Amino acid sequence: MTAGTLIVIAKEPLPGRVKTRLQTEFTAAEAAALARASLIDTLTTVASASASRRVVVLEGEPGAWLPGGFEVVAQRGGGLDERLAFAFADVFDGTPMLLVGMDTPQLPAELLGFHWPGYDAVLGLTEDGGYWCLGLREPDRRALLGVPMSTSHTGRDQLRRLLDLGLRVLLLPTLRDMDTPEDAAAIAAAYPGLRMSRLFRRLQHSAHPGLLFERALDGTARVVATGIDGRTVPSLSELERWQSPADEVDRLALSRCEGPVLDIGCGPGRIVTALAEQGIPALGVDVSPQAVSLTTSRGAAALRRPVQERLPGEGRWGSVVLMDGNIGIGGDPADLLRRCAELVRPNGLVLVEVGPDDDLDDPTPLILRTTSGRRSTPLPWARVGAHALLRHARTAHLHPTEDWRTPHRAFLTLRRTA
């Protein structure tokens with residue numbers, strides 16, 4: 001057996017503690033699951049490599065992910081440079097050491113050897129400017145302390161430090177770290193047999209729609225709505241318009257409203273804000289915490305609650321507004337209109353934006369998709385034009401009073417009848 005110690009420096013894969021950059025498109029629990037899978041892949045490779053010792057230098061507690069044959073040493077020190085320096089010092093037994101992280105599950109076992117003739121150290125750089133491994137023949141705090149960590153030039157700085165100490169450095173092949181969703185997607189595509197890759201593929205096609213909508217609202221992911229067939233639904237992918245102030249068409253529509261006004265599916269709050277600016281009492285409701293936060297940050301009122309749950313002022317609202325295709329919420333327009341009829345006062349108004357195609361009547365769910373390829377589970381939704389809406393309105397005892405449109409948008413106003 002080759003004399004040498006393989007070290008894996010790792011964090012216990014707990015939600016919120018690992019892979020936070022994956023949380024632009026994954027939940028904290030999903031990101032932790034990907035980190036755990038990546039760690040298991042790494043440990044499996046390390047276990048198969050030739051070495052006299054294998055050690056995990058760990059922040060946290062070992063779990064079921066840790067295979068047999070590994071010693072566990074607790075991390076100590078402050079910054080990462082200190083923790084790396086202590087890892088080498090705490091593990092040293094007189095033989096060479098090679099340290100790897102938990103972020104390159106694709107690393108091959110053949111790169112983990114200790115045959116470095118003519119070299120004092122080895123370094124494997126990563127595509128993002130860091131490094132995935134560092135090998136030393138003996139510990140030397142000078143090799144690590146003060147090297148800036150987690151930057152786009154950490155690998156370059158580390159190499160310079162080693163060379164400044166007079167060490168002869170062998171550079172290993174550059175690998176890609178799994179830090180972002182794009183990184184995970186690239187590694188999963190290139191190495192489909194990894195545990196991490198299999199998990200990534202399962203998660204890639206099973207995101208909760210609410211998660212992707214939240215990520216779109218907070219600007220961490222670009223998200224579009226598509227039909228089941230993958231074709232984009234432009235009217236339901238206009239996040240930039242929703243986040244902008246109300247435009248001329250919005251204000252023209254809102255001029256029909258009688259206060260107080262309830263905006264169902266208020267999103268970032270442009271409608272509620274426009275009403276408030278006109279001095280009309282208004283409340284937005286949405287199931288998205290980020291939508292409610294954005295609305296209230298504009299100085300408007302909003303409540304996080306599904307429309308089918310008990311709402312303030314039931315039966316006393318002057319108007320209920322369903323803009324931007326929100327008539328499709330839940331996938332059952334007739335049921336949503338019946339709920340609106342319950343919310344408005346007698347002879348109250350329901351303002352609905354419909355599809356500009358009068359014959360549109362599509363109850364198929366939507367899929368939310370990110371530009372990195374993640375997609376949601378089906379989101380119950382319906383897209384309707386004027387003809388379908390009028391049919392549904394009759395079952396909800398809502399009487400049409402106006403049908404008006406611009407070149408690209410169409411609206412109907414309905415009144416509650418006895």
Side-chain angles (χ1 to χ4, degrees), residues 235-236 238 241-242 246-267 269-286 300-301 307-308 311-363 381-418:
S235 62
L236 297 174
E238 299 176 336
R241 181 172 68 84
W242 303 340
D247 60 23
E248 183 179 350
V249 176
D250 295 328
R251 293 184 181 278
L252 186 59
L254 298 180
S255 69
R256 271 79 172 167
C257 290
E258 303 162 1
V261 180
L262 181 68
D263 180 13
I264 295 174
C266 66
R270 84 177 192 285
I271 299 301
V272 185
T273 302
L275 289 164
E277 290 171 349
Q278 296 175 28
I280 300 174
L283 174 70
V285 294
D286 206 296
V307 64
Q308 297 295 350
L311 293 172
E314 296 218 7
R316 301 193 300 275
W317 292 98
S319 304
V320 170
V321 173
L322 290 164
M323 299 280 279
D324 303 319
N326 283 341
I327 182 61
I329 291 173
D332 188 341
D335 185 61
L336 183 54
L337 288 174
R338 284 191 290 270
R339 179 62 175 141
C340 292
E342 295 173 350
L343 293 167
V344 295
R345 63 194 175 208
N347 203 40
L349 181 142
V350 179
L351 172 65
V352 183
E353 181 173 0
V354 294
D357 176 2
D358 287 346
D359 295 320
L360 179 63
D361 188 9
D362 185 356
W381 203 270
R383 289 175 284 155
V384 297
H387 295 163
L389 185 81
L390 291 173
R391 186 174 68 252
H392 296 312
R394 284 193 295 270
T395 70
H397 302 293
L398 292 171
H399 176 70
T401 58
E402 186 179 15
D403 177 341
W404 65 279
R405 56 198 66 208
T406 67
H408 303 292
R409 298 172 69 184
F411 301 84
L412 288 171
T413 56
L414 312 165
R415 293 277 182 186
R416 174 184 161 187
T417 59

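Numbers for residues simply follow the sequence, beginning at 1. Note that this is a predicted model, so its numbers are computed, not measured.
The distance from the NE2 atom of H408 to the OG atom of S235 is 13.0 Å, given to the nearest 0.5 Å. Here the CG-OG distance, from L343 to S319, works out to 12.0 Å after rounding to the nearest 0.5 Å. Remark: T417 OG1 to N347 CG distance equals 9.0 Å, nearest 0.5 Å. Atom CG of D403 and atom CG of L412 lie 4.5 Å apart (nearest 0.5 Å). With rounding to the nearest 0.5 Å, the separation of CH2 in W404 from CZ in R409 is 7.5 Å. Residue L252 holds its CG atom at 8.0 Å from CZ of F411, rounded to the nearest 0.5 Å.
Side-chain atoms of D286 come within 3.5 Å of backbone atoms of C266 as a donor-acceptor pair (strictly under, hydrogens ignored). The closest donor-acceptor contact from the side chain of E314 to the backbone of L311 lies under 3.5 Å. T401 places a side-chain N or O within 3.5 Å of a backbone atom of T413 that can act as its donor or acceptor partner.
Heavy atoms only, all atoms of each residue included: C257 and V261 are closest at CB-CG2, 3.9 Å. What you find for G259 and I280 is that their closest heavy atoms are CA-CG2, 3.9 Å. The two residues A301 and V272 make their nearest non-hydrogen contact at O-CG1, 3.6 Å. Summarising the geometry of V354 relative to A386, their closest heavy-atom pair is CG2-N, 4.1 Å, with the distance given to 0.1 Å. The minimum heavy-atom distance linking R345 with P260 is given by the pair NH1-CD, 4.0 Å. Taking every heavy atom of both residues into account, G355 and A410 meet most closely at O-CB, 4.0 Å.
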- Could you give me the CA-CA distance, side-chain angles and deciding distance for H397 and R416, then say whether side-chain contact (heavy atoms from CB on, under 4.5 Å) is met? CA-CA 6 Å; H397 302 293; R416 174 184 161 187; over 6 Å; no
- Task: Evaluate side-chain contact (heavy atoms from CB on, under 4.5 Å) for T395 paired with L337, printing each intermediate quantity in order.
- Result: CA-CA 9 Å; T395 70; L337 288 174; over 6 Å; no
- Using the side-chain contact (heavy atoms from CB on, under 4.5 Å) rule, take V344 and V350 through it: C-alpha gap first, then chi angles, then the decisive distance, then the call. CA-CA 8 Å; V344 295; V350 179; 4.2 Å; yes
- Task: Could you give me the CA-CA distance, side-chain angles and deciding distance for R415 and E402, then say whether side-chain contact (heavy atoms from CB on, under 4.5 Å) is met?
- Result: CA-CA 10 Å; R415 293 277 182 186; E402 186 179 15; over 6 Å; no
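Salt bridge status for R251 with E248: absent, with no side-chain N to carboxylate O gap under 4.0 Å.
In this structure P312 satisfies the side-chain contact (heavy atoms from CB on, under 4.5 Å) test together with L283, L303, R305, sequence neighbours excluded. Residues passing the side chain to side chain donor-acceptor pair (under 3.5 Å) test with H399, sequence neighbours excluded: none.
Considering only heavy atoms from C-beta on, H387 stays 4.5 Å or farther from L360 through its side chain.
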Listed pairs under 3.5 Å, donor-acceptor, residues 320-335 side chains, sequence neighbours left out:
unit_1	atom_1	unit_2	atom_2	d
D324	OD1	R241	NH1	3.4
D324	OD1	R241	NH2	3.1
D324	OD1	R270	NH2	3.0
D324	OD2	R270	NH1	2.8
D324	OD2	R270	NH2	3.4
N326	ND2	I264	O	3.1
N326	ND2	G265	O	2.8
N326	ND2	M323	O	3.1
D332	OD1	A334	N	3.4
D332	OD1	D335	N	3.2
D335	OD2	Q308	NE2	3.1

